[in-house]
Number of protein chains: 2
Amino acid sequence: MLRTLVSQSKVSSGEFKYSLGTEIFGQAEPADYIYQVIEGAVRSHKLLSDGRRQIGAFHLPGDIFGLENGDFHRFTAEAIVKTTTCVVKRQSLEGVVKTDPAMVQSLLTMTTDNLQHVENHMLLLGRKNSQERVAAFLLEMHGRLAAADVMALPMSRRDIADYLGVALETVSRALSEFQRKGYLRFLNGMQRQIVILNAAGLAELDR
Amino acid sequence: MLRTLVSQSKVSSGEFKYSLGTEIFGQAEPADYIYQVIEGAVRSHKLLSDGRRQIGAFHLPGDIFGLENGDFHRFTAEAIVKTTTCVVKRQSLEGVVKTDPAMVQSLLTMTTDNLQHVENHMLLLGRKNSQERVAAFLLEMHGRLAAADVMALPMSRRDIADYLGVALETVSRALSEFQRKGYLRFLNGMQRQIVILNAAGLAELDR
DNA sequence: CGATGACTTGAACGCCATCAATCGCTGTGG
DNA sequence: CCACAGCGATTGATGGCGTTCAAGTCATCG
């Protein structure tokens, strides 16, 4: 979609590369650019003063992030792995927006998609138990990055934990339990290469 | 803001009244109308199959709700008390939206405000303990409906609990604790009439 | 090899949920 | 006017789920 924006509007754009763990932008920083993941993965998070962290979303290839309506970023974004992004100057969008209603429509759609995801995540964080959370996570990722039924998770157990609002040990225990139940298996001991064997079983846990 | 929309665009609109506990619209129903609270209060929630409930937002006078980009509502909305709403047919907006970029901008702003609230709530649900949650709730409501320093909460302890992702007893205990600490007091035994005595104390608990 | 970091697994604790009793206010009917 | 049912809220007791602390495993890399 950003590509569409870019091509439609001839806004100034470029590519940027980030290595593992690098900050792309920080919370409350001026939102001068918006981003699209070309390759790699990004996490967006908020922090409490004592370091507790809540990851709001993972951004995978194709996803747009850093799109704010206000002037400042509301999350900190970091590359989880070696990541390439497409970057668009925000200002260059603003002129276009004033004259092109279809463009604003696109922004609105993107924002609404965002909203929908976050609303569902709120239900998970407020009301689901740990197994349901991990099952929901697996199904989400399964839908988003399964290449030939093998998921190559870019994020650590800690990242998953901070996304799901639980301790990292809890994530680990749930995954082991799912393996015992035959819902999934790890690809020859690679702890981030997961094959889903029984999506229905996970879905039953989740709903 | 809806008023602005209405007056700007001469879209068809009307008023509706709902009594305590009535459903205004249900999740997954066609989103034919959008609403603004004139008087009263509304809660929006999602349900899990076994009845666990997560309230996503409380809508107070002036607030707009039920604004969807897709064709279906993503929450169920119910009147918490006797409530009057201003209603606008969604279709009548759509024509306007195509021609008037400022109008789409307004919708985008509203959606973004929504998003911001939900993002902050995600941090609360994922990472805050029970006292922090209740403190945050009190401060939010204090900012939104304090008339002369007295809050008249329209919602029950159960509603608050389902908003904060805790048990209703936990809400009750936290409020009692805050009272003991001198952070608040109840107006002559009215359990929903709260006076905040030490907002700074609550804020310290929250951050 | 030894060191480091990610992950798993075990044990114990603690926060909060659950269950249950009680209080207090409201409204209804005798 | 009082008795009583009904509902929301508070408070207490108990238990469980998930956190925390700690040890151990495994892969990677110097």
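First the proteins, then the strands, lettered A, B, ... as listed; each starts at 1.
Regarding L20(B), its CG atom lies at a distance of 12 Å from the C1' atom of dC7(D), rounded to whole Å. dC25(C) atom C1' lies 7 Å from atom CE of M190(B), rounded to whole Å. We find that CG of D159(B) is positioned 13 Å from C1' of dA9(D), with the value rounded to whole Å. Look at CG on L153(A): it is 14 Å from C1' on dA6(C), rounded to the nearest Å. If you take CZ of R127(A) and P of dC17(D), they are 16 Å apart, rounded to a whole angstrom. R158(A) has its CZ atom 10 Å from the P atom of dC7(C), to the nearest Å. A straight line from CG of N129(B) to C1' of dG18(D) spans 15 Å, rounded to a whole angstrom. Put simply, CZ on R157(B) is 16 Å from P on dA17(C), counting in whole angstrom units.
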side-chain contact (heavy atoms from CB on, under 4.5 Å) between V195(A) and L184(A), worked out = CA-CA 5 Å; V195(A) 184; L184(A) 59 81; over 6 Å; no
With side-chain contact (heavy atoms from CB on, under 4.5 Å) as the test, would you mind laying out the steps for N198(A) and F178(A) before giving the verdict?
-> CA-CA 10 Å; N198(A) 185 354; F178(A) 290 160; over 6 Å; no
Should R157(B) and D162(B) be marked as a salt bridge (Lys or Arg N to Asp or Glu O under 4.0 Å) after you check the CA-CA gap, both sets of side-chain angles, and the distance that decides it?
-> CA-CA 9 Å; R157(B) 298 293 190 261; D162(B) 285 348; over 6 Å; no
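For S130(A) and dG18(D), the shortest distance from a side-chain N or O to OP1 or OP2 is below 4.0 Å. Taking only side-chain nitrogens and oxygens, R133(B) never comes nearer than 4.0 Å to OP1 or OP2 of dC16(C).
Although no hydrogens or angles enter the test, the distance criterion places a donor-acceptor pair under 3.5 Å between the side chain of R127(A) and the main chain of V166(B). Judged purely by atom type and a 3.5 angstrom limit, R192(A) uses its side chain to pair as donor or acceptor with the backbone of P154(A).
Taking Q191(A) as the reference, nothing meets the side chain to side chain donor-acceptor pair (under 3.5 Å) condition, with sequence neighbours excluded.
Sorted by first and then second residue, the side chain to side chain donor-acceptor pair (under 3.5 Å) pairs with a member in residues 17-26 of chain B read K17(B)-T84(B), S19(B)-T22(B); sequence neighbours excluded.
Summary of the strand contacts: Q191(A) and L168(B) both lie near DNA chain D, and taking for each the nucleotide with the nearest heavy atom, the more 5' one is attributed to L168(B).
A donor N or O paired with an acceptor N or O is not found under 3.5 Å between the base of dC17(D) and the side-chain atoms of Q131(A).
Residues from residues 170-188 of chain B lying near DNA chain C, meaning a heavy-atom separation below 4.0 Å, are T170(B), R173(B) in numerical order.
Among the nucleotides dT20(D), dA17(C), dT11(D), the one closest to the side chain of V166(B) is dA17(C).
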